[in-house]
Amino acid sequence: MENNYQLILDEINKTMLKVGRKDDILVIAVTKTVDINVVKEFLNFGITDIGENKVQELLKRHEVLGDKVEYHLIGHLQSNKVRKVVGKTKLIHSVDSIKLLDTINRISGEENAITDILAEINISEEENKTGMKIEELDDFVNRVQECDNVRLKGLMTMGPNVEDENLIRNVFRQARELKEQIQIKNYKNVSMEYLSMGMSNDYKIAIEEGANIVRIGSALFGKRNY
Ligand SMILES: *Cc1c(COP(=O)(O)O)cnc(C)c1O
């Protein structure tokens, strides 16, 4: 188990070489359901950032690990839980509506915080996937310009749950194109630094297509039992 992190870093380096990339990749260790002692062990291996998809779980990690690590909320966020996470996350990856954006902005203002977010987009439009449709992204980005306590730092998406690598690649490529289209416009409160895509089964494809944040759970910690 202890070498899984190193193995993934090696695979990432190989992939970067293959496509001629030299920029940095941030690996988020997705720790959902992982025993806290195992998480601590992985921090010794060099993990710097962890991701949880539930607010309550993120807060539990925060209580124990404090500022030893950076926190990423990667799952759906309900408006009534925003105050609990503002100030505790490096990035909220799962901002998927203008309503949620407005709430994060308002509460960040009340808490004297600037909150860094990603816009989650659902490119494959699979039924069970969260995220905005591509058509909703324009209005969202426009709204961000009025939200001075929020910084939009990029996009997050999930690859479709299919075998066909080309379908997965296609989704990642579209996400990259959308990110670049927003980037060149120099919107207020927007700096498209990050493209968060790629999980245990598709992170290499994601990196080939431009991801600079990958969110990896089972390939690090083993299969989740839930
Ligand atoms: C669980 C989860 C991951 C990690 O998935 P693995 O397949 O275990 O690597 C990544 N992103 C999100 C949003 C998740 O919920």
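When a ligand or atom number is given, it counts from 1 through the structure's own listing order.
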Under 4.0 Å from any heavy atom of [X], which atoms of ligand 1 are there?
| X | answer |
| --- | --- |
| R215 | 4 (C), 9 (O), 10 (C), 11 (N), 12 (C), 13 (C) |
| I216 | 9 (O) |
| K32 | 1 (C), 2 (C), 3 (C), 14 (C), 15 (O) |

Going by distance only, is there an N or O of M156 that falls short of 3.5 Å from an N or O of ligand 1?
->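 No.
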Pairs involving residues 179-209, ordered by first then second residue, that meet ring pair (Phe, Tyr, Trp, His ring centres under 6.0 Å) (sequence neighbours left out) |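 For residues 179-209: none.
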Close side-chain approach of I50 and L65, heavy atoms under 4.5 Å = yes
Quick one: hydrophobic cluster around L7, which other residues, with the 4.5 Å side-chain cut-off, linked directly or via members?
-> none
Return yes when M158 approaches ligand 1 closer than 4.0 angstrom through a heavy atom, no otherwise.
->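 Yes, M158 has a heavy atom closer than 4.0 Å to ligand 1.
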Work out whether the distance between some heavy atom of N201 and some atom of ligand 1 is less than 4.0 Å.
-> no
Decide, yes or no, whether a salt bridge links K32 with E57 under the criterion of side-chain N to carboxylate O below 4.0 Å.
->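 Not counted as a salt bridge, because no side-chain N and carboxylate O are separated by less than 4.0 Å.
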Run the salt-bridge test on R173 and E177 with the 4.0 Å N-O cut-off and return the result as yes or no.
-> no
Which is closest to atom 9 (O) of ligand 1 in terms of heavy atoms, A29, S200, S94, G159?
-> S200
Which one of I117, T130, I104 satisfies the side chain to side chain contact (heavy atoms under 4.5 Å, CB included) criterion with L77?
->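 Among the candidates, only I104 passes.
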